[in-house]
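Structure first, then comments.
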Amino acid sequence: MTRRMSLLSLCAAFCLASGCQSSKPIARSYFETKPPMSVAVGKCPEKAQMRDSGQGGLLGAVVNAGRAGKMKEAMSGIMGETVKELVRQRFSEQMEKHFEVREQGQLQTVIDITQWGWYVPSTIAGIKTGAYQFVINGSVRVTDSALKGKRIATQTVEVSETMGNKPTVEVSQEALLKCADRFASETVAFLVKEKGVPSP
């Protein structure tokens with residue numbers, strides 16, 4: 001029994017650290033009062049990042065160094081500021097269907113982007129097992145200034161768009177647009193899911 005409790009404690013600690021217990025939509029009461037909301041992007045890497053399945057070891061790292069060069073070429077012209085503004089705009093457009101979005105608002109939404117760039121599904125020795133993907137990973141938190149900045153909602157989001165085996169500049173740009181749209185729509189859909197829930 002003691003061993004089981006220890007395992008449960010470890011699992012709980014892991015979930016707390018990784019944020020798996022933190023996803024929470026906006027409470028239904030806010031859709032009744034509809035306070036104004038501001039939207040901003042906080043953290044965002046300046047440059048694209050590439051990651052793989054993490055099974056390639058040292059040889060995989062060498063292989064991926066060459067892929068990183070290809071990514072840099074295909075991502076030319078796309079910088080962190082571009083990604084930040086695109087995600088902010090798309091999120092605001094989706095959220096405006098539910099709240100009035102202003103420069104300053106009682107509800108304050110901050111989007112943190114932890115990674116954007118390429119994901120390469122791969123196996124031992126860095127062998128690619130599927131098409132390249134454009135990814136945007138991050139989190140969104142909503143606070144209420146009327147409650148001294150208390151966090152009222154949060155969500156972790158990972159979205160991707162397949163780009164084929166030889167992504168070009170045009171393909172990368174199109175994938176970025178689709179990922180930004182998906183990031184916004186999936187996040188907003190989760191945050192507002194309590195809107196249609198009837199009163200108890």
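In this text, all values refer to a predicted model and were calculated from it rather than measured experimentally.
Of all non-hydrogen atoms in Thr114 and Pro45, the two that sit nearest each other are O-CG, 3.5 Å. For the residue pair Trp116 and Lys47, the shortest heavy atom distance occurs at CZ2-C, 3.4 Å. Between Ser160 and Val135, the shortest heavy-atom contact is CB-CG1, 3.7 Å. The shortest heavy-atom contact between Phe31 and Val192 is CZ-CA, 3.5 Å. Of all non-hydrogen atoms in Ser145 and Gly105, the two that sit nearest each other are OG-O, 4.1 Å. Among all heavy-atom pairs drawn from Val87 and Ala180, the shortest one is CG2-CB, 4.3 Å.
One distance of note links CG of Leu191 with CD1 of Ile152; it measures 9.0 Å at 0.5 Å rounding. We find the CG-CD1 distance between Leu86 and Ile136 to be 7.0 Å, quoted to the nearest 0.5 Å. Taking NZ of Lys195 as the reference point, atom CD of Glu32 lies at 11.5 Å (rounded to 0.5 Å). Here the CD1 atom belonging to Ile113 is positioned 11.5 Å from the CZ atom belonging to Arg88, to the nearest 0.5 angstrom. Taken to the nearest 0.5 Å, the CD atom of Gln106 stands 6.5 Å off from the OH atom of Tyr30. Glu100 CD to Leu107 CG: the interatomic distance, rounded to the nearest 0.5 Å, is 11.5 Å.
Asp144 pairs by the salt bridge (Lys or Arg N to Asp or Glu O under 4.0 Å) definition with nothing, not counting sequence neighbours. Glu186 pairs by the salt bridge (Lys or Arg N to Asp or Glu O under 4.0 Å) definition with nothing, not counting sequence neighbours. With sequence neighbours left out, Glu93 forms a salt bridge (Lys or Arg N to Asp or Glu O under 4.0 Å) with no residue at all.
Proximity of Glu161 to Arg182: side-chain heavy atoms (C-beta onward) are separated by under 4.5 Å at one or more points. You'll find the side chain of Met37 reaches within 4.5 Å of the side chain of Ile26, heavy atoms only. Within the 4.5 Å cutoff, the side chain of Val157 has no heavy atoms near those of the Asn137 side chain. Between Val171 and Tyr132, the closest side-chain pair of non-hydrogen atoms is not below 4.5 Å. Side-chain contact check for Ser172 versus Trp118: some heavy-atom pair is nearer than 4.5 Å.
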TODO: Walk me through it: do Gln104 and Ser38 pass the test side chain to side chain donor-acceptor pair (under 3.5 Å)?
DONE: CA-CA 5 Å; Gln104 301 290 331; Ser38 64; 5.8 Å; no
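Distance alone, capped at 3.5 Å, places no donor-acceptor pair between the Thr109 side chain and the Val142 backbone.
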